[in-house]
Amino acid sequence: MPAASGSGRIAFWFGLMLAAVSSMSLRQMVTPDALLGRVTAAFWTIHHSLAPLGAAALTASADRFGASRPLLAVAVIYLGVVAVAFFTPIRGRNPEDVPVPTTG
């Protein structure tokens with residue numbers, strides 16, 4: 001069991017680092033240089049500010065339902081996000097060349 005736990009951790013952190021590099025790279029490609037610092041700061045502020053809310057919700061859910069059901073729900077949501085990411089332009093070789101749909 002420890003080997004499965006260790007390989008799960010490695011897979012999780014590998015995926016997290018891959019997502020961080022991809023996100024940063026895409027942001028740098030599509031954001032004008034003059035706005036890059038502001039956009040990056042806003043991204044990380046929003047990204048990290050939601051973590052305490054998620055921790056509180058998961059803790060309350062684990063208290064009410066036990067640990068396995070909420071953690072399984074988080075795993076399903078996580079895999080759902082990964083599945084959705086497969087259909088975004090970031091998977092392509094040049095995501096910055098994908099036309100942006102306009103409204104109106």
Side-chain angles (χ1 to χ4, degrees):
M1 195 64 157
S5 175
S7 59
R9 287 186 198 140
I10 290 170
F12 173 78
W13 284 108
F14 176 78
L16 193 63
M17 293 301 107
L18 185 64
V21 169
S22 297
S23 172
M24 179 66 79
S25 298
L26 180 64
R27 206 170 327 114
Q28 288 176 343
M29 286 190 294
V30 299
T31 305
D33 289 340
L35 297 175
L36 188 57
R38 290 181 220 167
V39 169
T40 301
F43 171 82
W44 286 115
T45 299
I46 292 168
H47 181 76
H48 287 297
S49 66
L50 296 178
L53 296 176
L58 188 59
T59 301
S61 297
D63 184 46
R64 182 174 176 144
F65 302 111
S68 15
R69 286 171 55 191
L71 289 174
L72 180 61
V74 168
V76 168
I77 292 168
Y78 181 77
L79 292 174
V81 170
V82 170
V84 168
F86 278 115
F87 299 103
T88 64
I90 199 168
R91 276 194 75 222
R93 183 170 294 269
N94 296 324
E96 70 275 12
D97 294 337
V98 174
V100 177
T102 58
T103 57

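The figures that follow rest on heavy atoms only: side chains count, while hydrogens, waters and symmetry mates do not.
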Next item on the list: Determine, using the 4.5 Å side-chain heavy-atom cutoff (strictly less than), whether W44 and M17 are members of one ILVMFWY cluster.
Entry: no
Checklist line | ILVMFWY network linking V39 to I46, side-chain heavy atoms under 4.5 angstrom | finding: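 No.
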Item checked: Heavy-atom closest pair, residues W13 and L16 ->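 That would be CZ3-CD2, 3.1 Å.
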Notebook entry, point to check: What is the minimum heavy-atom distance between G66 and P70, and which atoms define it?
Noted result: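 Shortest heavy-atom separation between G66 and P70 comes out as O-CD, 2.8 Å.
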Item checked: Spatial distance of atom CG (D63) from atom CG (L58) [nearest 0.5 Å] -> 11.0 Å
Next item on the list: Report the distance from atom CG of L35 to atom OG1 of T40, rounding to the nearest 0.5 Å.
Entry: 10.0 Å
Checklist line | Of all pairs that satisfy ring pair (Phe, Tyr, Trp, His ring centres under 6.0 Å), the ones with a partner from residues 54-83, not counting sequence neighbours | finding: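 For residues 54-83, and leaving out neighbouring residues, the ring pair (Phe, Tyr, Trp, His ring centres under 6.0 Å) pairs sorted by first residue read F12-Y78.
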Check: With R64, which residues qualify under side chain to side chain donor-acceptor pair (under 3.5 Å), at least two apart?
Finding: none
Notebook entry, point to check: Got a sec, which residues hit side chain to side chain donor-acceptor pair (under 3.5 Å) with R27, two or more places apart in sequence or on another chain?
Noted result: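 Here the qualifying residues are S23.
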Check: Aromatic rings F43 and H47: how do their planes relate, parallel, tilted or perpendicular, breaks at 30° and 60°?
Finding: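 Parallel.
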Check: Side-chain contact, heavy-atom cut-off 4.5 Å: L79 with V76?
Finding: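 Contact flag for L79/V76 side chains = no.
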